[in-house]
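Below is one structure; the comments refer to it alone.
Side chains included, hydrogens not; waters and symmetry mates left out as well; all remaining heavy atoms used.
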Amino acid sequence: MDVRVIGSICASSCANYVFVSGGKKFIEPGALVMWHGSDLRPQDIPVTVTNVDETGRHVSKEYKGAELLEYLRRPDIAAAERSRKKQLDFFKERNMDGRVTVFGQEIGCDCQWTFTVEDMGKFGIDRVYADSSYPNASPLLETLSVVTIKLNDHPGHISGSKD
């Protein structure tokens with residue numbers, strides 16, 4: 001089935017699973033495909049959890065080091081490890097590099113990110129059709145905090161292998 005991103009944004013599950021699974025993938029002018037992570041994130045990257053306290057205030061806690069390992073062992077979080085295996089299988093079946101969903105985290109970008117059509121192809125995301133100015137023509141880049149990651153700026157991080 002073909003996928004068409006119309007109007008605004010395809011992010012989260014849309015980008016991670018729906019968009020990448022499409023036969024032909026069309027990104028209409030002004031639309032944006034954006035990633036911000038998945039269960040495939042490297043386990044040494046800190047996790048920030050934000051909760052709302054009893055006063056309605058957002059409180060964030062960063063887990064790293066030994067505290068991160070303990071956090072990842074929690075039963076409710078350990079389920080993510082089962083999800084991680086399913087995601088690895090999902091991308092392998094599609095001959096794709098699932099790191100597209102975590103690449104920003106791998107390079108230390110505390111951001112949401114997108115790629116050019118050419119760079120999507122380096123992750124095995126093929127048959128993507130977009131205007132030649134993608135993603136720069138998207139007005140969403142002005143309103144959202146989205147970084148266009150250029151793989152040429154990060155040699156050695158991706159070799160074209162989809163394993």
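In this structure, Phe115 CZ and Phe123 CZ are separated by 4.0 Å, a value rounded to the nearest 0.5 Å. Atoms CD1 and CZ, on Ile125 and Arg94 in that order, are 12.0 Å from each other to the nearest 0.5 Å. Phe91 CZ to Tyr17 OH: the interatomic distance, rounded to the nearest 0.5 Å, is 6.0 Å.
Between the side chain of Ser133 and the main chain of Asn136, no donor-acceptor pair closer than 3.5 Å is present.
Residue Glu67 places its CD atom among more than 12 non-hydrogen atoms of other residues, nucleotides or ligands, all under 6.0 Å distant.
Comment: Asp89 does not engage Lys92 in a salt bridge, judged by the lack of any side-chain N to carboxylate O separation of less than 4.0 angstrom.
Under the 6.0 Å distance and 45° angle rule, Lys61 counts as a cation-pi partner of Tyr63. Relative to the six-membered ring of Tyr129, Arg127 misses at least one condition, a distance below 6.0 Å or an angle of at most 45° to the axis.
For residues 98-155, the pairs satisfying disulfide (SG to SG under 2.5 Å) are Cys109-Cys111, with sequence neighbours left out.
Ring planes of Phe19 and Trp35: perpendicular class, angle over 60° (limits at 30 and 60°).
For the pairing with Leu40, the side chain to side chain contact (heavy atoms under 4.5 Å, CB included) check across Gln105, Arg99, Gln87 returns one residue only, Gln87.
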Show me the donor-acceptor pairs, under 3.5 Å and distance only, between side chains in residues 2-15 and residues at least two apart or in other chains.
| unit_1 | atom_1 | unit_2 | atom_2 | d |
| --- | --- | --- | --- | --- |
| Asp2 | OD1 | Lys24 | N | 2.9 |
| Arg4 | NH1 | Glu28 | OE2 | 2.6 |
| Ser12 | OG | His36 | NE2 | 2.6 |

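Residues Val20 and Lys25 come closest through the heavy atom pair O-CE, 3.4 Å.
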